[in-house]
J.: 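One structure, as structure tokens, below. Some questions next.
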Amino acid sequence: MLSGQMVIYEEEHQQLTEICERLVRDALAKAIFVVDKDGQLVTATGETAGIDTTGLASLVAGSTAATGSLAQMLGEEEFPVHFHEGTSKHLHVSVIGETLILVVIFDERSSLGLVRLRVKRAYLEMAGVIENLNRKAKAGNKDLDIFGEITDDDIDSLFNDAF
Amino acid sequence: MSFINYAQREIILKIVYYGPGLCGKTTNIKFIYSGTNPDARGKLVSLETKQERTLFFDFLPLSLPAIRGFKTRLHLYSVPGQLFYSASRKLIMKGADGVVFVADSQRARKEANIISMEDLKENLQAYGYDIDKIPFVIQYNKRDLPTSMPVEELRADLNPDGRFADFEASAVAPGGPGVFETLKAVVKLILVELKKTK
């Protein structure tokens, strides 16, 4: 394996989802996504129908990584917040801690100022959840042994129906 | 880095296709897309220039059956091969669970293969990874071309100790021989590695 594992437990997933549900209402947003920096979707809330959430997660992570590299070229550690303005829909992206990215999609019902304000509040709550997750990861967890008993046959049978 | 989501009961593995420009990384991904059951594949994202060269990355999500109740999802990425896209190549490598090196079998691309392999090692090192310890397979692509070098010569250049599993492939030929074999091999290596670390 190249590096460690990112693990999201049900408890933290629930907490992150609740924070996002509140943020959708408070910021009058259309949809909110939490994505990990390697491009995996953690949770999605709001009007997500019709959005390719997996593709969105990977593109947001790629764009955030590229923005981070631009920041470093200019001597900044990171650009923790970036904003994309469209004709009717806008995207507010903020880096939460070391591992996660918060994406808020909003339209004319809201405004950049309101989204920024509400995201700042949600940020602190999310940072707390991530801290918990990191603590758990450091402590290790016996439940993690998903792979322990898989056999070669299990691995082979993975491909039977897909290709 | 493998991603385990207990709430969604899913494991996500990130696999990166690496190699010199025009070696067929995108063609591999497109062939996998076309050869996969529509229920098992997501949308293919391709960030290309007008000349159909990969600008940032290609991305293909695939769903495999569950292991011990956890859905297995593969996220396939390919990096831009041209030398001057080094910065974006490095970004895509971050968090990869396994790497496929696609070599171009044509003699004219001999040096490009070697440079790309060196570049890969450097990028892995930049993230603190070691090519000897990661799930890594090599694919010698374009075996159908008359200008292709003998496999022994490619091996001497890229896999001299035979440490890595390697496959002959032709991603554009009907049936894409070697393409799925390469993917299966790297997934297997990743799962065996995950099993070992548990």
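This is a predicted model, so every value here is computed, not measured. Numbered from 1 within each chain, the chains take letters A, B, ... in sequence-line order.
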J.: Less than 4.5 Å to any heavy atom of chain A: does that hold for the side chain of B/Leu62, its backbone, both, or neither?
T.: side chain
J.: Would you say B/Ile134 and B/Leu120 are hydrophobically clustered, going by side-chain heavy atoms of ILVMFWY under 4.5 Å?
T.: yes
J.: Show every donor-acceptor pair shorter than 3.5 Å between a side-chain atom in residues 103-113 of chain A and any protein atom, with sequence neighbours excluded, or say none if there are none.
T.:
from, atom 1, to, atom 2, distance (Å)
A/Asp107, OD1, A/Arg109, N, 3.1
A/Asp107, OD1, A/Arg109, NE, 3.3
A/Arg109, NH2, A/Glu47, OE2, 3.4
A/Ser110, OG, A/Ala27, O, 2.6
A/Ser111, OG, A/Leu114, N, 3.3

J.: What closest approach, in Å, do B/Phe3 and A/Ile8 show between heavy atoms, and which atom pair accounts for it?
T.: CZ-CG1, 3.9 Å
J.: Between B/Ile15 and B/Ile4, is there a shared hydrophobic cluster once you connect ILVMFWY residues whose side-chain heavy atoms come closer than 4.5 Å?
T.: yes
J.: When rounded to the nearest 0.5 angstrom, what is the spacing between CD in A/Glu10 and CZ in B/Arg9?
T.: 7.0 Å
J.: Which atoms of A/Leu16 are under 4.5 Å from chain B, going by heavy atoms: the side chain, the backbone, both sets, or neither?
T.: neither
J.: Using the side chain to side chain contact (heavy atoms under 4.5 Å, CB included) rule, take B/Asn5 and A/Tyr9 through it: C-alpha gap first, then chi angles, then the decisive distance, then the call.
T.: CA-CA 6 Å; B/Asn5 190 331; A/Tyr9 299 101; over 6 Å; no
J.: Taking atom CG of B/Leu74 and atom CZ of A/Phe159, what is their separation to the nearest 0.5 Å?
T.: 6.5 Å
J.: If you look at every heavy atom in A/Ser58 and B/Tyr77, which pair is closest and at what distance?
T.: CB-OH, 3.1 Å
J.: Between B/Tyr6 and A/Val7, what is the shortest heavy-atom contact and its length?
T.: CE1-CG1, 3.6 Å
J.: Let me confirm one number: the CD-CG distance from B/Gln8 to A/Leu41, rounded to the nearest 0.5 Å.
T.: 7.5 Å
J.: Considering only heavy atoms, which portion of B/Leu44 lies under 4.5 Å from any heavy atom of chain A: side chain, backbone, both, or neither?
T.: neither
J.: Over all heavy atoms of both residues, which pair between B/Pro65 and A/Ser157 is shortest? Give the atoms and the distance, please.
T.: CG-O, 4.4 Å
J.: Any idea which of B/Leu183, B/Val45, B/Leu191, B/Ile190 has the most non-hydrogen atom pairs under 4.5 angstrom with chain A?
T.: B/Leu191
J.: Shared ILVMFWY cluster between A/Ile130 and A/Val95, side chains joined below 4.5 angstrom?
T.: no
J.: Is it the backbone or the side chain of A/Ser69 that comes under 4.5 Å from a heavy atom of chain B, or both, or neither?
T.: side chain
J.: Identify which part of B/Thr36 has an atom lying under 4.5 Å from any heavy atom of chain A, answering side chain, backbone, both or neither.
T.: both
J.: Would you mind checking if A/Asp38 and B/Lys94 are paired as a salt bridge, meaning a charged N to carboxylate O distance below 4.0 Å?
T.: yes
J.: Looking only at heavy atoms, which two atoms of B/Phe57 and A/Gly62 are closest? And how far apart?
T.: CE2-CA, 4.1 Å
J.: If you count every heavy atom of other residues, nucleotides or ligands that lies below 6.0 Å from B/Glu111 atom CD, does the total exceed 12?
T.: no
J.: Looking at B/Phe56 and A/Ser63, what are the two nearest heavy atoms and their distance?
T.: CE2-N, 4.3 Å
J.: What do the steps show when you test A/Leu59 against B/Phe59 for side chain to side chain contact (heavy atoms under 4.5 Å, CB included), and what is the final call?
T.: CA-CA 9 Å; A/Leu59 287 172; B/Phe59 170 68; over 6 Å; no
J.: Please look at B/Leu60 and chain A and tell me whether the side chain, the backbone, both or neither of the residue comes under 4.5 angstrom of a heavy atom of that chain.
T.: neither
J.: With the 4.5 Å side-chain cut-off for hydrophobic clustering, are B/Met93 and B/Tyr129 part of the same group?
T.: yes
J.: Can you tell me how far CD of A/Gln40 sits from CG of B/Leu13, rounded to the nearest 0.5 angstrom?
T.: 9.0 Å
J.: Which region of B/Phe180, side chain (C-beta onward) or backbone (N, CA, C, O), has a non-hydrogen atom less than 4.5 Å from a non-hydrogen atom of chain A, or is it both or neither?
T.: side chain
J.: Measure B/Phe136 against the heavy atoms of chain A and call it side chain, backbone, both or neither at under 4.5 Å.
T.: neither
J.: Determine whether more than 12 heavy atoms belonging to other residues, nucleotides or ligands lie under 6.0 Å from atom NZ of B/Lys90.
T.: no
J.: Assigning hydrophobic clusters by single linkage (Ile, Leu, Val, Met, Phe, Trp, Tyr; side-chain heavy-atom cutoff under 4.5 Å), is A/Leu133 placed with B/Ile11?
T.: yes
